[in-house]
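Just so we're on the same page: letters track the sequence lines, and every chain starts at 1.
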Amino acid sequence: MPRKILVTNALPYANGDIHLGHLVGYIQGDIWVRFQRMRGNTVHYVCADDTHGTPIMLRAEKEGLTPEQLINRVHGEHLRDFTDFGVAFDNYHSTHSPENRDYAGDIYGKLSRGGLIDTRSIEQYYDPVKEMFLPDRFIKGECPKCGAADQYGDNCEACGAAYAPTELKNPYSAVSGAKPVLKTSEHYFFRLSDDRAVAFLREWTRGTNAAGSRRLQTEAANKMKEWLGEEGENKLSDWDISRDAPYFGFEIPGAPGKYFYVWLDAPIGYLASFRNLADKRGDIAVEDYTDAVRSEAAGTEMVHFIGKDILYFHALFWPAMLKFAGYRTPSQLCVNGFLTVDGAKMSKSRGTFITARSYVEQKLNPEWLRYYFAGKSNGTMEDVDLNLDDMIAKVNSDLVGKFVNIASRCAGFITKRFDGQLGETDVTACSEFAAAWAADSLSSAYEERDYSRALREIMRLADVANQFVNDHKPWELAKQEGQDARLHQVCSTALTMFRDLTRYLKPVLPSLASQVERFLGVPALQWQGDWAPLPAGHKVEAYSHLMTRIERKQIDALLEANRESLAPSTAQPQAKAVAASPQRHAEKQQHTVQAAETTSPHISIDDFTKIDLRIARIVDAQHVEGADKLIRLQLDIGECDEAGNPKPRQVFAGIKSAYDPVTLVGRLTVMVANLAPRKMKFGMSEGMVLAASDPDGTTAGLYILAPDDGATPGMRVK
RNA sequence: GGUGAUGUAGCUCAGACGGUUAGAGCGACGGAUUCAUAACCCGUAGGUCGGCAGUUCGAUUCUGCCCAUCACCA
């Protein structure tokens with residue numbers, strides 16, 4: 001009985017570009033969907049832009065657009081990025097849609113009638129100039145703990161303290177610069193602290209779904225336990241779901257001037273997108289997937305792929321909203337971790353904040369990234385590190401060296417010697433492949449989203465195939481009289497193995513797989529039925545190579561294209577944000593993202609004065625025997641020994657490529673006098689001289705510094 | 001500060017309900033080969049399994065403490 005699954009990916013916020021961090025979760029989701037379909041299951045795969053909230057409203061205003069114009073533009077950009085990376089949603093909708101308005105109203109109405117909506121007055125900062133209430137992130141001021149200036153209303157980037165915006169000293173509005181005033185307003189709350197909700201969530205987060213598997217990964221379930229507290233303890237507080245006008249969103253039915261908080265209607269966008277798809281197609285019974293009773297009868301599933309930054313929303317608010325509005329709750333949450341690049345948070349100054357667009361524009365192959373991410377995905381919430389050198393090595397050796405190579409080394413014989421027709425396959429030689437087909441270890445690895453395990457096994461099979469070719473040496477058979485039949489069999493067998501490998505890699509590399517299907521002249525590869533070799537007499541196309549290698553210089557160009565110079569921080573907060581989180585989703589991400597940027601380009605004056613810079617006279621300079629780069633310098637900085645004789649410092653400087661020692665003697669330059677002495681192969685080095693060079697190496701050369709006339713040895717530089 | 005996760009060969013990662021010589025791929029090195037975008041094949045070297053202490057006949061695997069990294073919370 002095929003499964004019927006509604007799969008979603010987190011909705012990206014319509015306030016920024018898709019970057020490689022986002023793509024981790026989308027690629028994981030897409031691979032799972034493609035796998036399920038190859039197994040014959042029915043999957044509806046939907047997503048949408050998350051479009052509401054204050055940041056969108058203000059951003060549109062800044063760009064001189066209406067919010068609708070802004071989100072329309074971004075919708076196109078996002079969809080194009082996903083498409084280019086092979087993430088093939090059946091529908092990419094928007095939370096600013098009639099379907100979403102209907103669902104939001106319906107869910108809210110049912111919660112309200114169920115007694116789960118409360119109103120109460122709260123006091124908040126209000127911008128009197130802009131005439132709007134200010135979210136925490138739009139209030140700035142001095143940190144109440146350490147006094148650092150220009151800190152946001154929720155936490156301090158200088159000392160890490162967390163506080164309420166009302167605790168800030170000298171607060172001002174980041175929108176207008178005005179001093180905010182406290183103002184009272186009535187807000188609507190979802191009563192998450194209600195006993196029914198708490199009891200439900202306790203069961204839901206640790207229980208299993210209809211198929212008997214856990215709804216949350218173990219780590220995620222543990223995290224929920226932390227948030228929910230122990231039995232009898234109630235750590236949940238009610239959730240503020242309204243915002244006052246002006247606000248870009250949906251007005252709450254029966255509450256003029258009050259709008260749904262963006263996070264209320266964001267996940268509802270999953271249903272809206274699905275409804276929109278069903279209306280377009282006309283053959284999907286929506287309630288079979290969305291209604292509590294009917295979905296149970298129909299045995300459908302609803303699976304959400306999300307980043308761990310938005311677990312809170314998807315494991316608490318979302319199931320509770322659904323449950324108490326009579327909707328089905330999610331069957332499973334697949335939570336992925338953050339992306340780091342070369343072991344560190346993505347950074348604009350290092351160029352590792354890589355946008356999806358720039359990757360495509362720099363002509364890198366999206367399937368390289370899909371393969372690498374898949375190789376790093378093991379179905380847990382762990383962070384994924386994109387190690388660029390590792391990616392180059394892995395893709396080049398696995399995909400080009402091993403996988404593609406199998407076809408490349410055999411197809412030529414089939415074309416040249418046998419007119420493109422396959423011969424008999426040596427089925428015994430394929431025993432490992434037949435065994436892999438019969439076993440469920442590969443498919444269960446995909447099912448559990450442990451793609452790295454699947455790929456390890458697939459690459460082991462690729463090794464088997466290459467060994468087979470190597471052992472039977474078709475290039476020798478080709479030269480021998482009377483070995484045509486054997487040659488034919490060996491190459492045909494290798495191509496059957498190659499067909500199998502392609503099938504297993506297809507969820508990860510859909511585009512490469514379709515090239516192979518064309519080359520082999522086979523219908524779209526599926527993952528069901530009995531194993532059979534490619535039949536004798538079957539005709540294949542001439543081989544043309546399937547994938548190129550990655551070169552380091554392509555990666556360097558990509559980093560360069562994403563590098564932003566460290567200009568003084570006059571930019572708007574959004575513009576210089578560095579996101580560590582894969583799914584930036586509504587205002588919550590404004591938090592994560594801003595807090596993530598701790599790599600300040602500034603040092604304090606105290607840090608600077610730790611460096612003792614001195615004017616030095618080069619009293620001697622010598623080549624160093626056996627050193628490629630070093631020159632031995634004796635530097636006078638006015639120091640003397642006990643007897644009062646001048647005592648120059650010995651410093652080894654790596655400037656041999658640019659200077660002849662003879663020309664250095666007598667010159668003045670600048671040295672770091674308090675650098676810890678270091679024993680080098682050729683002796684002690686008691687400091688360093690400063691020299692300028694182009695970090696990119698575009699302009700060659702090395703230039704030591706020289707003071708203006710009048711400076712004398714020993715003078716302090718500061 | 002509290003909680004949790006992670007720390008295994010140069011790199012990326014498996015694994016171990018405690019038990020003889022701790023694994024893979026890549027990289028390095030040596031050999032073989034030349035069908036294949038120097039790809040493939042065979043072989044070698046590399047790890048006191050983050051540190052310290054404890055439990056045990058025996059710990060890298062369990063416990064405690066510490067260190068580092070990351071996340072969450074206040």
Protein N or O to nucleotides 40-44 of chain B N or O, pairs below 3.5 Å:
unit_1: B:C40; atom_1: O2'; unit_2: A:R409; atom_2: NH1; d: 2.8
unit_1: B:C41; atom_1: O4'; unit_2: A:N470; atom_2: ND2; d: 3.0
unit_1: B:C41; atom_1: O2'; unit_2: A:N470; atom_2: ND2; d: 3.3
unit_1: B:C42; atom_1: OP1; unit_2: A:Q467; atom_2: NE2; d: 3.4

Where along [range] does a heavy atom fall under 4.0 Å from RNA chain B?
{"range": "residues 478-493 of chain A", "value": "A:K479"}
{"range": "residues 494-510 of chain A", "value": "none"}
{"range": "residues 443-454 of chain A", "value": "none"}

Is the shortest side-chain N/O distance from A:K376 to OP1 or OP2 of B:C13 below 4.0 Å? yes
Is there a side-chain contact between A:K394 and the phosphate of B:A24, meaning an N or O under 4.0 Å from OP1 or OP2?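 The answer is no; no side-chain N or O of A:K394 sits under 4.0 Å from OP1 or OP2.
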How far apart are the C-alpha atoms of A:N387 and A:Y372, what are their side-chain angles, what is the distance that settles it, and do they pass the side-chain hydrogen bond (donor to acceptor under 3.5 Å, both in side chains) test? CA-CA 9 Å; A:N387 180 302; A:Y372 189 70; 5.3 Å; no
Just how far, in rounded Å, is [atom2] of [N] from [atom1] of [X]?
{"X": "A:L546", "N": "B:A36", "atom1": "CG", "atom2": "C1'", "result": "12 Å"}
{"X": "A:D383", "N": "B:A71", "atom1": "CG", "atom2": "P", "result": "7 Å"}
{"X": "A:L311", "N": "B:A71", "atom1": "CG", "atom2": "P", "result": "16 Å"}
{"X": "A:N378", "N": "B:C13", "atom1": "CG", "atom2": "P", "result": "9 Å"}
{"X": "A:E457", "N": "B:G23", "atom1": "CD", "atom2": "C1'", "result": "15 Å"}
{"X": "A:F373", "N": "B:U12", "atom1": "CZ", "atom2": "C1'", "result": "14 Å"}
{"X": "A:K473", "N": "B:A32", "atom1": "NZ", "atom2": "P", "result": "14 Å"}
{"X": "A:F313", "N": "B:C72", "atom1": "CZ", "atom2": "C1'", "result": "14 Å"}

Taking the [atom1] atom of each, how far is [N] from [M], in whole Å?
{"N": "B:C67", "M": "B:G25", "atom1": "P", "answer": "38 Å"}
{"N": "B:U48", "M": "B:U34", "atom1": "C1'", "answer": "44 Å"}
{"N": "B:G15", "M": "B:G23", "atom1": "C1'", "answer": "7 Å"}
{"N": "B:G47", "M": "B:U63", "atom1": "C1'", "answer": "25 Å"}
{"N": "B:U61", "M": "B:U55", "atom1": "P", "answer": "15 Å"}
{"N": "B:C73", "M": "B:U56", "atom1": "P", "answer": "42 Å"}
{"N": "B:G30", "M": "B:A71", "atom1": "C1'", "answer": "46 Å"}
{"N": "B:C17", "M": "B:U60", "atom1": "C1'", "answer": "16 Å"}

Dump the intermediate steps for side-chain contact (heavy atoms from CB on, under 4.5 Å) on A:S452 and A:D450, then the final yes or no. CA-CA 5 Å; A:S452 98; A:D450 191 347; 3.5 Å; yes
Which dot-bracket string describes RNA chain B (Watson-Crick N1-N3 plus N6-O4 or O6-N4, or G-U N1-O2 and O6-N3, all under 3.5 Å; [ ] crossing; | other strand)? (((((((..((((.....[...)))).((((.........)))).....(((((..]....)))))))))))).
Cut-off 3.5 Å, side chains only: do A:Y125 and A:D136 have a donor facing an acceptor? no
Side chains of A:T425 and A:T496: any donor to acceptor distance under 3.5 Å?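 There is such a pair between these side chains.
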A:R449: side chain to side chain donor-acceptor pair (under 3.5 Å) partners, not counting sequence neighbours: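 Counting only residues at least two positions away or on another chain, A:R449 forms no side chain to side chain donor-acceptor pair (under 3.5 Å).
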Pi-cation contact, A:F189 with A:R120 (under 6.0 Å, within 45°):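 Cation-pi check for A:R120 and A:F189: passes.
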Pairing residues for A:S377 by the side chain to side chain contact (heavy atoms under 4.5 Å, CB included) criterion, not counting sequence neighbours: A:Q28, A:Y451
Can you list the residues that meet the side chain to side chain contact (heavy atoms under 4.5 Å, CB included) rule with A:D398, with sequence neighbours excluded? A:Y371, A:K394, A:K402, A:M459
I'd like to know whether A:R486 forms a side-chain contact (heavy atoms from CB on, under 4.5 Å) with A:H472, so could you lay out the CA-CA distance, the side-chain angles of the two residues, the decisive distance to 0.1 Å, and finally the verdict. CA-CA 9 Å; A:R486 190 65 188 136; A:H472 295 86; 2.9 Å; yes
A:Y26-A:F305 aromatic ring centre distance below 6.0 Å: no
Quick one: side chains of residues 427-437 of chain A, donor-acceptor pairs under 3.5 Å with protein atoms, not counting sequence neighbours, listed by atom name and distance.
unit_1: A:T428; atom_1: OG1; unit_2: A:D426; atom_2: OD1; d: 3.2
unit_1: A:S431; atom_1: OG; unit_2: A:T428; atom_2: O; d: 3.4
unit_1: A:E432; atom_1: OE1; unit_2: A:R460; atom_2: NH1; d: 3.4
unit_1: A:E432; atom_1: OE1; unit_2: A:R460; atom_2: NH2; d: 3.2
unit_1: A:W437; atom_1: NE1; unit_2: A:G529; atom_2: O; d: 3.0

Students often get this wrong, so: under 4.0 angstrom with heavy atoms, is A:M547 touching a base, only sugar-phosphate, or nothing? base
With side-chain contact (heavy atoms from CB on, under 4.5 Å) as the test, would you mind laying out the steps for A:D342 and A:L386 before giving the verdict? CA-CA 6 Å; A:D342 284 340; A:L386 168 58; over 6 Å; no
Annotated protein contacts, base or backbone, on nucleotides 1-11 of chain B with a non-hydrogen cut-off under 4.0 Å, one of B, S, - each: --S-------S
Where the side chain of A:V469 is defined as all heavy atoms beyond and including C-beta, which of B:C35, B:A14, B:A71 is the nearest nucleotide? B:C35
Picking from B:A39, B:A71, B:C35, which would you name as closest to the side chain of A:R549?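 Nearest to the side-chain atoms of A:R549, counting from C-beta on, is B:A39.
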For the residue pair A:F317 and A:Y312, categorise the inter-ring angle as parallel (less than 30°), tilted (30 to 60°) or perpendicular (more than 60°).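 If you compare the ring of A:F317 with that of A:Y312, the planes turn out perpendicular.
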Kindly write out the residues that satisfy salt bridge (charged side-chain N to carboxylate O under 4.0 Å, His left out) with A:E424, not counting sequence neighbours, or none if the list is empty.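 None.
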Between side-chain atoms of residues 507-519 of chain A and protein atoms elsewhere (two or more places apart, or another chain), which donor-acceptor pairs fall under 3.5 Å?
unit_1: A:S514; atom_1: OG; unit_2: A:S511; atom_2: O; d: 3.2
unit_1: A:E517; atom_1: OE2; unit_2: A:K506; atom_2: NZ; d: 2.9
unit_1: A:E517; atom_1: OE2; unit_2: A:L525; atom_2: N; d: 2.9

If you count every heavy atom of other residues, nucleotides or ligands that lies below 6.0 Å from A:D471 atom CG, does the total exceed 12?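 More than 12 within 6.0 Å, yes.
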Taking syn as a glycosidic torsion within 90° of 0 and anything else as anti, which one is B:G46? syn
With a 3.5 Å distance limit and no angle check, can you tell me whether A:D385 reaches the backbone of A:L339 through a side-chain donor-acceptor pair? no
Any chance you could lay out the side-chain hydrogen bond (donor to acceptor under 3.5 Å, both in side chains) test for A:D383 and A:T340, step after step, and finish with the verdict? CA-CA 7 Å; A:D383 290 354; A:T340 54; over 6 Å; no
Are any non-hydrogen side-chain atoms of A:D500 and A:L461 less than 4.5 angstrom apart? no
Decide side-chain contact (heavy atoms from CB on, under 4.5 Å) for A:L168 and A:Y152; before the verdict, give the C-alpha distance in whole Å, the side-chain angles of both, and the deciding distance to 0.1 Å. CA-CA 8 Å; A:L168 280 176; A:Y152 294 102; over 6 Å; no
